[in-house]
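For reference, the structure discussed in these notes is given below.
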Amino acid sequence: MTQKELYQIAKERYAQYGIDTDAAIDALSKVSISMHCWQGDDVKGFENSGELTGGIQTTGNYPGAAYTPEQLMQDIDKAFSLIPGKHKVNVHACYGIYTDGTIPDRDAIRPEHFEPWVRFAKERGIGLDFNPTYFSHPLAENGTLTNPNEEIRDFWIRHGIACIRISEYFARETGFPCLMNIWIPDGFKDVPADRMGPRMRYMDSLDRILGCGYDKTLVNVTIESKVFGIGVESYTAGSAEFALSYATSRGIVPLMDNGHYHPTEVVSDKISALLCFNPKIALHVTRGVRWDSDHVVRYDDETLEMMKEVVRNDALDRVILATDYFDASINRIAAWVIGMRSVQKSLLSSLLSPNKKLKELQDTLQFTELMMLQEEIKFLPVGDVWNEFCARAGIAGDAAWFEEIREYEQTVLAER
Ligand code: RNT
Ligand code: ZN
């Protein structure tokens, strides 16, 4: 049977549940995800800063990591050629491109250092997002925006403001608003004597960054919380309560990374809670295995459940989707492709659910039928609709795309 014939059968089967597969494909093709640049080089960046710090870690030494901006961009292009749809690139401040041999300190980075990223984006008609880098730096060792040393804290405030300027530049040049996400690793390995002081300083630092005066139509500032990190097990200043309260009180966007909670907490349950109070929220879609390990996103229960929450609450335009993981033990381009496609597959599956009917069953207390239907729809031919979605985007469907990775590995990555 051809792909078209398989799709026709799938279309009819979904129609029996009142689901329009063409509408689902259309909706999915409009969803843009912000793909993190840092999967391509294990979060190294271009500052030659050496060690990755801040409690985030990559493991593995699969050959072929990108070492130069050209290589990273080439790899991003390769990944995008295997991911249906148009997506943004999420750049970190440590990925500035310095051509004259001098690397400015973090408080002195300027839009011109990111001009090649803008060119890259413009040539492809895509947008860019941005992140200040509050880790992998000597002055980040004992706190950044919470640092009791005012000189160091000022340095990091200047970094934040420099990043807002770069975000404005991204938005102005590309024509797409830029999401600028603030995450700091600040915390303590052991029981602190003062939990409030660092949080008050964090709040003040953020107020001073946001107070620099910026165009809110161009830049969407988000704040990402975290429960703990390696080396800061006892206390993290930017906890969930802190970040959420800060975001809602200042009218910025809260960002949830699903690796940043206690292991029995799920972000899928938090999305609707935040949507009650925030016009927009943002997600870092990742996969934590036992801890915030940032494994490659898969088509698994929790990713599905998160995307269901986005789709059935009609929030595709309110939830900003971004990926955040880094695996150095497998082909890094395949890691991007698998993770991004997994988010898309989860969205598709959600778009193909009889969401209205399921809600009705809940509201009319028909819980047995609800459970039955939730289980039955799992075996509908979502794969045939996925393949049709890929075909319409002119991108290889499943398994076929991997041939291109193999070839790229032999011809491009092997030379590095
Ligand atoms: C770390 C956070 C943060 C980083 C990136 C590189 O735990 O998830 O988002 O992964 O800034
Ligand atoms: Zn994150």
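Start at 1 and go down the list; that is how both ligands and their atoms are numbered. The shown structure was predicted, so the numbers you read here are calculated from the model rather than taken from an experiment. Only this structure's heavy atoms are used, side chains among them; waters, hydrogens and symmetry mates stay out.
- T286 and D257 share no donor-acceptor pair across their side chains, judged by distance under 3.5 Å alone.
- Side-chain contact annotation: Q39 with D327, donor-acceptor N/O pair under 3.5 Å absent.
- K44 forms no cation-pi arrangement with F46, by the criterion of a distance under 6.0 Å to the ring centre and an angle within 45° of the ring axis.
- By the 3.5 Å distance cut-off applied to N or O atoms, H284 is counted among the residues near ligand 1.
- Under a 4.0 Å criterion applied to the non-hydrogen atoms of I56, ligand 1 contributes the atoms 1 (C), 7 (O).
- Looking at S34 and D129, their side chains do bring a donor and an acceptor atom within 3.5 Å of each other.
- On a distance-only criterion, W38 and ligand 1 share no N/O pair closer than 3.5 Å.
- Counted by atom type alone, T21 and Y7 present one or more donor-acceptor pairs between their side chains at under 3.5 Å.
- Using modelled atom types, one side-chain atom of S350 and one backbone atom of K308 make a donor-acceptor pair closer than 3.5 Å.
- For the residue pair S268 / E302, a side-chain donor-acceptor distance below 3.5 Å is found, with atom types taken as modelled.
- Looking at D324 next to ligand 1, an N or O pair under 3.5 Å apart turns up.
- Close contacts of ligand 1 with K226, meaning ligand atoms under 4.0 Å from a residue heavy atom, involve 1 (C), 7 (O).
- Two rings, from F170 and F130, have their centers less than 6.0 Å apart.
- Using cut-offs of 30° and 60° for the angle between ring planes, the Y325 and H36 rings count as perpendicular.
- Ligand-side atoms of ligand 1 in range of D257: 8 (O), range being under 4.0 angstrom from any heavy atom.
- Using a 4.0 Å cut-off between heavy atoms, D292 contacts ligand 1 through its side chain alone, with no backbone atom that close.
- For a distance threshold of 2.8 Å, the protein N, O or S atoms nearer than that to the Zn ion (ligand 2), listed by chain and number, are E224 OE2, D257 OD2, H284 ND1, D324 OD2.
- Residue nearest to atom 9 (O) of ligand 1, selected from E224, H92, H260: E224 (by heavy-atom distance).
- Between the side chains of D105 and H137, at least one donor N or O sits under 3.5 Å from an acceptor N or O.
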